[in-house]
**Q** 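Would you mind keeping the following structure in view while I ask a few things?
Letters A, B, ... mirror the listed sequences (proteins, then strands); counts begin at 1.
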Amino acid sequence: MTRAEEQAIIALAKAGDRSASEALIRHHQNSLVAYLVRLTGRPETAEDVAQEAFYRALTHLDRFDDRYRFSTWIFTIARRLFVNGIQKSKPLFDSEVIDRNDRGSLHEDAQGSADRVIGHEQGEGARDAVQMALLTLPVLQREIILLFHMMDWSIVMIAEHLEIPEGTVKSHLHRARMRMRDSLKRNEAVWSKVREMWS
Amino acid sequence: MSTGERPVQRPVKPAGSRRSDPSRVQPLQGAELDTLLDAYFDRTLTEGAQDRLLDALKHDPKRSETMARTQRMIDQLRQPVLHDVDLADSVLNRVSHRKPFLSSQWRRFVRSGRAASLAACLVGLLGVAMLWRSWPEARLAPTPAPVAKVVDSSQAMANRMGQLAETMHGMSAVKEPAAGPKSAPRGQFTPLPRSQQRYVVVPMNIDGAGSRTVTRQDPMPMTMAATPHGGSGGLVIDQQPSPVEWIAGWMAMFASETRPDEPVADQGYGRVVLKIAPSPAPAPLQAAEKEQDKGAIAPPSRR
C-alpha cells in the first residue's frame, strides 16, 4: 500500500466508510499480531492487544497525523497498551516475585508461554529456543530487536517510535543480539546434554 | 643512541589511513572486527568494508561461527509465528457500536450539509462586512464610556458653568419640561475641542424629582453625566436619526435603576430624557409599626 493509497483509505475511514476501515485492519493485522506474539510470548495476549489497538485507532482516526504512516501509529498504540498492561500486572511487592521465584513459577511461565507461541510438538526446537532467548531480554531491548530485525524498521524510525536517541537504540541492539546469542549458546549446551542422556 | 647508531626512519602514516586504505595487508584486529560485525548486522556496512570483513572472517573461525549463529537467529526471528488471524469483524463490530458506519449516500448527504453550512457562514460574514462598509459608525456593542472621567469632567465643568454658559448657548438647546424640579435647571452641553470631538459631555445636576430633556439636532454621539440627589433615575433615548443609529442607541440604552447620589452616565443620539423619581418617604403608619416592633423585641425591664 503506497502512502497516497493509505491516506485515501484513511480519509474514507474517517468519513465513516466500513470497507475502508476493514482494509486498514486486514493490511496491518498480521504484522502487528506477529510482532506482539514475539513481544509478549502469548498469542492470546497479542490478539487482545492488537484488537484493542485497532479499536482505539479507528475510533480516534481524527487524531491521526498524516505525516506518519498508519503502521507506525498502530504499533505505537499497541506498544503503549502492552506497556500499560505490564505495569498493571506488575506485583505490588517484591516478596511476591521472590515467592514466585522460589516456587519456580516464573521460569515455568516463561517456558509455557514460549511453548504456546510456537507449538513445540511440531519439533521446532530452534524457534522455541529463539523465543526463549527473546523472552530473557528486557522489554525495551526486545522491542528494538524485533522492530529492527523482524519488522525491518530503520534505527531512526525506532528512535522516534520509542522516543530515545539513535545511539541508545544502537547500543541496545548490540547488547540484545549479544545476550540472545549467549542465551542460545547456553540452551544448545543444555540440549546436547539432554540428547546425550537419552541416547 | 648513545652507541652512535643512526635512528631508523619509519614512514609516517596519515591519520585514519588504516581504516580508509582498502589494499592494506594487515588482517583486522579483534575489536575492529567486532565493530564491523555489528555494523554488518546494523545494515550500515559499506560494500568495501563488507569485503574486508568477509576476508578477515576466513582467517577467524570463531568469529565466523558467531556471525553464522547470529544470522541464523535473525532468520528465525523473521519466520512467521502464527497462522493468519482475522480481527476485522470483531474490531469493526465494536467500532460500529460506538460510532456507526455510514453508507455512501449518507456520507454524501453529510458532506453536502457541511458545505452548505460553510457557505451560509461565508455569506453571513460577507453581509456583515458589507453592512459595516455602508455604515462604518454602526456598532454591534455599546462603546464603553469612561464614566469616572466623564463625572470628573462634568463636575469641573459645573464649577465653570458661569464662564461656559455663553459658549453653550449658541451650540445647543436645553428644553425645560413643564413640571420640572423646584431648583433651577443646570444642565449644559460642553463641546470638546474640534480635534477630539468624538462626543459631547452633558453635565446635569438635579436636586429634586422631575425630568430633564436634552435635545441634540446633529447625530453626534453624546455622553451624559448626571447626579440625582435622592430617588431613582433612568435614562431614555428616543428619536434616533437612522435605523442603524437607532440599533446602536438601543444597544447603548441605559435604563437601570440607580441609587441616590450615584452618577448616571451613558451616550446616545437625539433626544435624551433623564427621569428622576422621588424616594418614597416612610408613611406615618409604617413609622408607628416600627416603633411597635421595637417595643416588642426590647428586653423586659427589671424591677
Side-chain angles (χ1 to χ4, degrees), chain A residues 12-13 15-26 28-30 32-35 37-38 43 46-47 50-59 61 117-119 124 126-131 133-134 145-146 148-152 154-155 169-170 173-174 177-178 180-181 183-185 188, chain B residues 30-45 62-115:
Chain A
L12 279 173
D17 186 18
R18 188 185 169 99
S19 58
S21 304
E22 194 175 339
L24 274 178
I25 297 172
R26 289 201 194 285
H28 294 283
Q29 62 184 359
N30 283 340
L32 181 65
V33 172
Y35 165 74
V37 167
R38 284 290 193 198
E47 282 191 27
Q51 196 182 61
E52 187 62 28
F54 277 119
Y55 170 71
R56 292 199 184 185
L58 291 178
T59 48
L61 264 181
V117 171
I118 294 143
E124 295 172 337
R127 271 194 286 171
D128 260 347
V130 167
Q131 184 63 35
L134 199 60
I145 205 158
L146 286 175
F148 189 76
H149 287 303
M150 187 182 169
M151 310 309 298
D152 280 333
S154 67
I155 285 175
V169 173
K170 272 189 182 177
L173 193 57
H174 297 172
R177 272 199 302 256
M178 204 165 66
M180 275 188 77
R181 225 162 34 210
S183 176
L184 281 170
K185 221 174 183 177
E188 274 177 22
Chain B
E32 197 172 6
L33 197 54
D34 286 339
T35 310
L36 282 182
L37 264 176
D38 275 331
Y40 171 75
F41 288 117
D42 286 350
R43 304 193 285 256
T44 53
L45 204 61
K62 194 183 163 191
R63 282 201 172 76
S64 57
E65 194 201 330
T66 306
M67 184 183 177
R69 193 186 290 274
T70 312
Q71 190 59 57
R72 263 203 311 276
M73 183 181 83
I74 290 167
D75 291 344
Q76 282 157 11
L77 274 178
R78 288 168 181 273
Q79 284 179 8
V81 286
L82 270 184
H83 58 278
D84 286 349
V85 288
D86 191 7
L87 303 173
D89 288 336
S90 54
V91 172
L92 291 176
N93 287 340
R94 279 181 71 194
V95 172
S96 67
H97 275 297
R98 179 168 168 170
K99 196 173 121 184
F101 292 107
L102 300 173
S103 64
S104 58
Q105 202 175 357
W106 264 105
R107 281 205 309 278
R108 212 174 301 130
F109 180 72
V110 169
R111 213 165 35 233
S112 51
R114 280 181 188 161

**Q** Cation-pi check for A:Phe54 against B:Arg94: NZ or CZ below 6.0 Å from the six-membered ring centre and within 45 degrees of the axis, yes or no?
**A** no
**Q** For B:Asp38, is there an ion pair with A:Lys170 - N to carboxylate O distance below 4.0 angstrom?
**A** no
**Q** Show the nearest heavy-atom pair for residues A:Leu58 and B:Val95, with the distance to one decimal.
**A** CB-CG2, 4.0 Å
**Q** Do you know which two heavy atoms are closest between A:Arg181 and B:Met73, and how far apart they sit?
**A** N-SD, 4.0 Å
**Q** Could you look at A:Arg177 and say if it's the side chain, the backbone, both or neither that has a heavy atom under 4.5 Å from chain B?
**A** both
**Q** Tell me, out of B:Arg98, B:Lys99, B:Arg69, B:Arg43, who's got the most heavy-atom pairs with chain A below 4.5 Å.
**A** B:Arg43
**Q** Determine, stepwise, if the pair B:Asp42 / A:His174 fulfils side chain to side chain contact (heavy atoms under 4.5 Å, CB included).
**A** CA-CA 9 Å; B:Asp42 286 350; A:His174 297 172; 2.5 Å; yes
**Q** From A:Ile25 CD1 over to B:Leu92 CG, what is the distance, rounded to the nearest 0.5 angstrom?
**A** 4.0 Å
**Q** Return the option, out of B:Thr70, B:Val110, B:Asp86, B:Thr44, with the maximum number of heavy-atom pairs under 4.5 Å with chain A.
**A** B:Asp86
**Q** Which atoms form the tightest heavy-atom contact between A:Phe148 and B:Phe41, and what is the distance?
**A** CE2-O, 3.2 Å
**Q** Salt bridge (charged side-chain N to carboxylate O under 4.0 Å, His left out), that's the test. Do B:Arg78 and A:Asp152 meet it? Break it down for me.
**A** CA-CA 9 Å; B:Arg78 288 168 181 273; A:Asp152 280 333; 2.8 Å; yes
**Q** Which pair of heavy atoms, one from B:Phe101 and one from A:Ser21, lies closest together, and at what distance?
**A** CE2-OG, 3.6 Å
**Q** Strictly distance-based, threshold 3.5 Å: is any side-chain N or O of A:Gln29 a donor or acceptor partner for the main-chain N or O of B:Leu87?
**A** yes
**Q** If you compare all heavy atoms of A:Val130 against all heavy atoms of B:Gln76, which two are closest, and at what distance to 0.1 Å?
**A** CG2-OE1, 2.6 Å
**Q** Is it the side chain or the backbone of A:Leu146 that comes within 4.5 Å of chain B heavy atoms, both, or neither?
**A** side chain
